[in-house]
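Hydrogens, waters and symmetry mates play no part in the numbers below; they use all other heavy atoms, side chains included. Every value quoted in this text rests on a predicted model; they were computed, and no experiment measured them.
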Amino acid sequence: MTRLSEIEQEYIRAIESEKQGDYSRAVELYSGMTERFPGDSRGWTGLANIYFSRIGDLGRSEEFFTKAIDTGNAGPETYFLFSELLMQQGRFPEMNAVVNQAMQITGVNKSTGFYKTGLLKESQGNYEDAVEFYRKAILDSFSAEEIRQAEQSIDRCRVKMKYS
């Protein structure tokens, strides 16, 4: 039986703390990971996500996302979360670049990238392009929830096209 490494054990504890709603403890654990393992993206991504989705400190969150990406071992989920922050700030060219980077990672869920690009196009008022990316997301997905979400987005764009 393989024993988990110290960082893996710490990461599991941090995730469990998040799931239990103990965000202070999760921040403490993720911070410890970044101090002891600064070249591993998981601690930085954990901090970025909490600061973005729970605390609402977009500046700190962006700083942590950047550090996670700078490690060179960040997964696509880091890029996709960062793209949400950029979209929220209306930084569309940067968001597009981040989604494109994520799409280059081996093993990336392409349907998520297509969906994020659809959101980008929709937020810019390019509804026909958005529908096309949502359609690609549907065709590439095996998740009923993702497919449902993309279908709802297509419907939303059709309504917007009707009134634009």
Side-chain angles (χ1 to χ4, degrees), residues 6-126 129-130 133-134 136-137 140-141 143 145-150 152-153 156-157:
E6 181 183 348
I7 191 168
E8 290 165 336
Q9 291 175 38
E10 196 79 358
Y11 184 60
I12 290 168
R13 284 193 289 274
I15 289 172
E16 286 303 315
S17 294
E18 265 191 274
K19 285 180 183 176
Q20 294 169 5
D22 189 351
Y23 300 110
S24 295
R25 177 74 177 137
V27 166
E28 183 181 308
L29 291 166
Y30 286 132
S31 294
M33 288 172 63
T34 63
E35 289 170 16
R36 288 191 311 286
F37 310 100
D40 189 291
S41 67
R42 292 175 287 187
W44 298 115
T45 298
L47 287 171
N49 186 38
I50 290 174
Y51 273 82
F52 176 51
S53 62
R54 300 292 174 195
I55 297 173
D57 186 336
L58 302 184
R60 292 289 306 273
S61 181
E62 181 172 351
E63 174 189 333
F64 295 139
F65 277 127
T66 301
K67 288 181 179 184
I69 290 169
D70 286 347
T71 65
N73 57 38
E77 66 284 345
T78 300
Y79 289 85
F80 289 141
L81 283 168
F82 188 29
S83 75
E84 289 177 30
L85 180 147
L86 295 170
M87 187 173 91
Q88 200 174 87
Q89 294 179 327
R91 295 163 58 187
F92 303 124
E94 291 170 85
M95 178 202 174
N96 190 46
V98 168
V99 169
N100 287 338
Q101 287 175 315
M103 295 292 276
Q104 302 305 311
I105 297 172
T106 303
V108 68
N109 184 351
K110 297 278 189 193
S111 63
T112 303
F114 292 139
Y115 186 79
K116 296 285 184 186
T117 303
L119 286 174
L120 170 66
K121 298 297 183 183
E122 181 181 354
S123 67
Q124 295 174 318
N126 298 327
D129 290 346
F133 279 101
Y134 293 140
K136 287 180 180 181
D140 205 62
S141 181
S143 163
E145 177 60 25
E146 281 183 352
I147 291 169
R148 184 192 60 73
Q149 187 177 29
Q152 288 177 339
S153 298
R156 184 178 60 242
C157 283

J.: Considering all heavy atoms of both residues, which atom of Ile105 and which atom of Ala74 are nearest to each other, and what is their separation?
T.: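 Of all heavy-atom pairs spanning Ile105 and Ala74, the closest is CD1-O, 3.9 Å.
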J.: Should Gln101 and Phe82 count as side-chain neighbours, where that means a heavy-atom distance under 4.5 Å?
T.: no
J.: For Gly118 versus Ala130, what's the shortest heavy-atom pair and its separation?
T.: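 The pair with the smallest heavy-atom distance is O-CB, 3.4 Å.
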J.: Is there a side-chain contact between Glu62 and Gln89 in this structure, where contact means two heavy atoms from C-beta onward sitting under 4.5 Å apart?
T.: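 Yes, their side chains come closer than 4.5 Å.
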J.: Begin with the C-alpha distance, continue with both residues' side-chain angles, and end with the deciding distance and a verdict on side chain to side chain contact (heavy atoms under 4.5 Å, CB included) for Phe80 and Val108.
T.: CA-CA 10 Å; Phe80 289 141; Val108 68; 3.8 Å; yes
J.: Could you give me the CA-CA distance, side-chain angles and deciding distance for Glu16 and Arg13, then say whether salt bridge (Lys or Arg N to Asp or Glu O under 4.0 Å) is met?
T.: CA-CA 5 Å; Glu16 286 303 315; Arg13 284 193 289 274; over 6 Å; no
J.: Identify the two heavy atoms, one from Ser61 and one from Ala48, that lie closest to each other, and give their separation to 0.1 Å.
T.: OG-O, 2.8 Å
J.: State the CG-OG1 distance between Leu29 and Thr34, to the nearest 0.5 angstrom.
T.: 11.0 Å
J.: The test is side chain to side chain contact (heavy atoms under 4.5 Å, CB included); show your working for Gln124 and Asp129 and say whether it passes.
T.: CA-CA 10 Å; Gln124 295 174 318; Asp129 290 346; over 6 Å; no
J.: Suppose we call two aromatic rings close when their centres sit under 6.0 Å apart. Are Phe114 and Tyr134 close by that rule?
T.: no
J.: Would you say Glu63 and Lys67 make side-chain contact, with heavy atoms under 4.5 Å?
T.: yes
J.: Are Val98 and Leu86 close enough that some pair of their side-chain heavy atoms sits under 4.5 Å apart?
T.: yes
J.: Return the CG to CG distance between Leu58 and Leu85, rounded to the nearest 0.5 Å.
T.: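 Rounded to the nearest 0.5 Å, the CG-CG separation comes out at 5.0 Å.
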J.: Which heavy atom of Ser123 sits nearest a heavy atom of Leu120, and at what distance?
T.: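 So the minimum-distance heavy-atom pair works out to OG-O, 2.7 Å.
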J.: Which heavy-atom pair separates Met95 from Ser83 by the least distance, and what is that distance?
T.: CG-O, 3.4 Å
J.: If you measure only the distance, is there a donor-acceptor pair under 3.5 Å linking the side chains of Arg54 and Tyr23?
T.: yes
J.: Work out which heavy atom in Gly43 is nearest to a heavy atom in Met33; give both atom names and the distance.
T.: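 In terms of heavy atoms, the two residues are closest at N-CE, 3.7 Å.
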J.: Between Asn73 (side chain) and Ser41 (backbone), is there a donor-acceptor pair under 3.5 Å?
T.: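 Pair found, side chain donor or acceptor close to backbone of Ser41.
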J.: For the atom pair OG1 (Thr117) and CG (Asn100), what is the distance rounded to the nearest 0.5 Å?
T.: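 Atom-to-atom, Thr117:OG1 and Asn100:CG are 6.5 Å apart.
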J.: State the OH-CG distance between Tyr11 and Asp40, to the nearest 0.5 angstrom.
T.: 9.0 Å
J.: Less than 4.5 Å apart, any side-chain heavy atom of Ile55 and any of Arg60?
T.: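 Ile55 does not reach Arg60 side chain to side chain.
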J.: Between Arg156 and Gln152, is any side-chain donor less than 3.5 angstrom from a side-chain acceptor?
T.: no
J.: For Asn109 and Glu146, test the side chains for any donor-to-acceptor distance below 3.5 angstrom and give the result as yes or no.
T.: yes
J.: Please determine, by modelled atom types, if Thr45 and Arg42 share a side-chain donor-acceptor pair under 3.5 angstrom.
T.: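 No pair is found: no donor N or O on one side chain lies under 3.5 Å from an acceptor on the other.
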J.: Apply side chain to side chain contact (heavy atoms under 4.5 Å, CB included) to Phe37 and Glu6, showing your working.
T.: CA-CA 10 Å; Phe37 310 100; Glu6 181 183 348; 3.9 Å; yes
J.: Over 60° means perpendicular and under 30° means parallel, so classify the ring planes of Phe65 and Phe52, tilted if in between.
T.: perpendicular
J.: Going from CZ on Arg36 to OG on Ser31, what distance comes out if it is rounded to the nearest 0.5 angstrom?
T.: 10.5 Å
J.: Just wondering, do Pro76 and Thr112 contact through their side chains at under 4.5 Å, heavy atoms?
T.: no
J.: Taking only Lys NZ, Arg NE, NH1 and NH2, and the carboxylate oxygens of Asp or Glu, determine whether Arg25 and Glu28 approach each other closer than 4.0 Å.
T.: yes
J.: How long is the span from the CE atom in Met87 to the CD atom in Glu122, to the nearest 0.5 Å?
T.: 8.0 Å
